[in-house]
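Reviewing the structure listed below.
Counting convention: from 1, in listed order, for ligands and their atoms alike.
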Amino acid sequence: MSKKLLLTGFEPFLDFSINPTKEIVEELNGTTIGAYTVASHVLSVDFHKAGKQLLQVIDETKPDAIISLGLAGGRFKVSPERIAINVNDGPKDNQGHKPENEVIWEDGTDGLFSTLPISKMVEQLKRQGLPAEVSNTAGTYLCNHVMYQALYYTKINEIELPAGFIHIPASHELAIEHGKMPSWSYDDLKKAVIVCIKALSS
Ligand code: PCA
């Protein structure tokens, strides 16, 4: 029997009319890739909701691994994140909430490292001809928030499972709307996510 991968994406936010992570996770939902069958969930870009949604879906699906995806408009490469930090900050979320220098968990450590095989993912992406690099900052917005929440949850509950976050560049559709934005085809973005899931399996 295959293992279960919780794969999350996000709804559109700020001035991005679509979020390719939403489309990718919806398309991969229920498929088997490598050792994993994908259970997908689209999270809200909402500081008050996203963490709760994630913890609820972890509780419901009881995954063997968690990969969360987010759009990083402006980045050139697919970038598995190394670390999440205990901070909420950044522009307004989709509910108009704009946190400044907030902590996510009062009793949380400053940073939590990804437990995904991030170097292996980058290596295999490059081998498949897809530009990739490890990123050393997931920012302080919803993507960092969700990555921190997943890693905090697995740490305090002493659950041993690979968990972490991967940022992807904009799709061509978004680059058409935005000036000077590097972009990838939707198919290559999806392929990159599949390569990362396979890297987790091997
Ligand atoms: N990217 C944002 C939040 C949602 C998304 O897809 C981020 O990088 O924080």
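Distances between N or O atoms of Phe13 and those of ligand 1 include no value under 3.5 Å. For ligand 1, the polar-atom distance check finds an N/O of Asn19 within less than 3.5 Å of one of the ligand's N/O atoms. Inclusion of Phe10 in the set of residues having an N or O under 3.5 Å from an N or O of ligand 1 is not warranted.
Given atom 3 (C) of ligand 1, the protein heavy atom at minimum distance is Cys143 SG, 3.3 Å.
Taking the six-membered ring wherever Trp is involved, the centroid distance between the rings of His145 and Phe47 falls below 6.0 Å. Residues Phe13 and Phe10 keep their aromatic ring centres 6.0 Å or farther apart.
Atoms of ligand 1 lying under 4.0 Å from at least one heavy atom of Leu142, given by number and element, are 3 (C), 9 (O). In the vicinity of His167, heavy-atom distances shorter than 4.0 Å reach the ligand 1 atoms 7 (C), 8 (O). Counting atoms of ligand 1 from 1 in the listed order, those under 4.0 Å from a heavy atom of Leu71 are 1 (N), 2 (C), 5 (C), 6 (O), 8 (O). If you number the atoms of ligand 1 from 1 as listed, the ones under 4.0 Å from a heavy atom of Tyr141 come out as 2 (C), 3 (C), 7 (C), 9 (O).
Neither the backbone nor the side chain of Leu69 has any atom closer than 4.0 Å to an atom of ligand 1 (non-hydrogen atoms only).
A donor and an acceptor atom, one from each side chain of Tyr152 and Asp107, are located under 3.5 Å apart. Side-chain atoms of Glu81 and His167 include a donor-acceptor pair closer than 3.5 Å. There is no side-chain donor-acceptor pair under 3.5 Å between Ser135 and Ser79.
Checking side-chain atoms of Lys52 against main-chain N and O of His48 turns up a donor-acceptor pair under 3.5 Å.
Atom NZ of Lys98 sits in a crowded spot, with more than 12 heavy atoms from other residues, nucleotides or ligands closer than 6.0 Å.
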